[in-house]
Amino acid sequence: MPHIVVIGGGFAGVWSAASAAQVRHSTGAELRITLIAPQRDLVLRPRLYEADPSRATVALDRILKPIGVDHVRASVRRIDVARRRVTTDDGRDIDYERLVLAAGSRLIRPELPGADRLFDIDTLGGAQRLQAHLRKRSGFHATVVGSGFTGLELATELASRGRVLLVDRATEVGPELGAGPRPQILTALDELGIVCRLGVTVTEVGDGFAELSDGSRIDTDAVVWTAGLQASPLTLQIPGPRDQLGRLQVDEWLRVTEDVFAAGDTAAARIDPDHSTVQSCQYAVPLGKTAGHNAAADLLGLAALPFAPDPYVTCLDLGAAGALLTDGWDRRVQASGSEGKKIKKYIMQLIHPPVDDADAIFTAAREIRGRDV
Ligand SMILES: Cc1cc2nc3c(=O)[nH]c(=O)nc-3n(C[C@H](O)[C@H](O)[C@H](O)COP(=O)(O)OP(=O)(O)OC[C@H]3O[C@@H](n4cnc5c(N)ncnc54)[C@H](O)[C@@H]3O)c2cc1C
């Protein structure tokens with residue numbers, strides 16, 4: 001029986017597997033689908049800035065079991081593209097006819113004195129360690145390095161419980177967010193009493209202090225590093241060009257080689273002549289659905305779907321100052337304050353996949369580009 005192997009149990013991996021299973025279900029074809037990921041849960045990474053990150057999980061079994069996808073709980077160590085075989089860290093060899101690489105991204109931690117004292121919210125474990133550490137310190141003083149999406153959402157959330165310093169080596173807050181939402185972001189930071197140090201970075205972390213690149217020293221209970229995501233190093237084992245984030249370049253059907261597709265944070269898919277996908281759920285979900293559909297369609301002789309995502313939007317949580325919804329690549333603000341917050345809450349519910357119900361999962365898997373396939 002032909003076998004599709006999906007590496008990764010994040011948004012892209014789960015929706016790849018669900019989409020392939022939906023094709024199998026609708027055609028009645030014989031197809032084996034295996035998802036390989038070490039953890040028990042789908043981790044909803046966009047919620048890891050919240051005060052209780054343990055709520056940002058969904059058991060993979062509740063999604064995969066109802067739709068007949070096997071879950072191998074292991075990490076893939078090696079991909080042999082020529083033999084169409086992956087090898088796991090516990091020594092299993094698993095052969096495939098089609099592979100979907102959806103192993104996501106990870107934070108690159110800097111090398112600096114005291115780096116082992118840095119916190120992050122890149123993984124569930126990292127976010128839980130940070131919150132446990134801060135809970136022991138009432139009125140804590142936290143330093144957040146990086147004023148991109150993750151840094152801003154974390155800093156504004158922490159500001160309700162402690163003092164927060166936001167550090168960025170850029171000379172403006174949210175360098176990659178552009179000028180569109182910046183005035184509202186600055187107003188929110190001001191309102192929440194968050195102090196910004198721009199044009200500097202943290203160069204050393206010690207017990208209760210950090211040193212900045214301008215030579216100054218600050219007292220702090222925790223330094224949280226948020227800057228610098230790179231695609232999984234498994235991308236290095238697939239032949240093909242990669243971008244500066246380590247992502248594999250995929251064609252419009254999300255193929256990297258004849259038998260290998262990539263989705264989510266490991267894939268750079270072109271959207272228009274000027275833009276590629278951004279590492280985000282907004283793209284991980286449709287990339288996953290399209291890659292899984294195409295892997296199955298390829299094996300079953302069905303038509304492949306080109307990747308065509310919805311227009312780009314972002315929704316940035318600003319803690320007690322609300323949230324900002326932007327639209328387009330220049331991030332024009334469409335909603336802010338409590339109206340933005342309502343939309344953020346809605347989006348956070350929307351990213352939860354349906355559970356325990358095969359029909360609901362298949363229906364959601366079919367929704368690609370806002371239409372039913
Ligand atoms: C703190 C934070 C906040 C964010 N906020 C937002 C937001 O507000 N909006 C938004 O759209 N996006 C946000 N993102 C980005 C978003 O979470 C990612 O783009 C999305 O999770 C990517 O999904 P993915 O499935 O490609 O990868 P991931 O979610 O990274 O999942 C990767 C999966 O692969 C598995 N894996 C890794 N290596 C191996 C291996 N060797 N073998 C087997 N399995 C492996 C992992 O265990 C995991 O299951 C945020 C990210 C973070 C960290």
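Start at 1 and go down the list; that is how both ligands and their atoms are numbered. Sequence positions, counted from 1, serve as the residue numbers for this chain.
- Protein residues with any heavy atom under 4.0 Å from ligand 1: Ile7, Gly8, Gly9, Gly10, Phe11, Ala12, Ile36, Ala37, Pro38, Gln39, Arg45, Pro46, Ala74, Ser75, Val76, Ala102, Ala103, Gly104, Ser105, Ile121, Asp122, Thr150, Glu153, Leu234, Gly264, Asp265, Gln279, Ser280, Cys281, Gln282, Ala284, Lys344.
- Shortest non-hydrogen contact noted between Ala291 and Ala263 is CB-CB, 4.0 Å.
- Distance alone, capped at 3.5 Å, places no donor-acceptor pair between the Lys341 side chain and the Ala321 backbone.
- Screening Thr201, Val202, Val145 for a side-chain contact (heavy atoms from CB on, under 4.5 Å) with Arg169, the sole residue that qualifies is Thr201.
- A donor-acceptor distance shorter than 3.5 angstrom exists from the side chain of Asp251 to the backbone of Arg255, with no hydrogens or angles considered.
- Aromatic ring orientation, His133 versus Phe119: tilted (interplanar angle from 30° to 60°).
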As a quick check of understanding, evaluate side-chain hydrogen bond (donor to acceptor under 3.5 Å, both in side chains) for Thr150 and Thr226, giving each step before the final call. CA-CA 6 Å; Thr150 304; Thr226 69; 5.9 Å; no

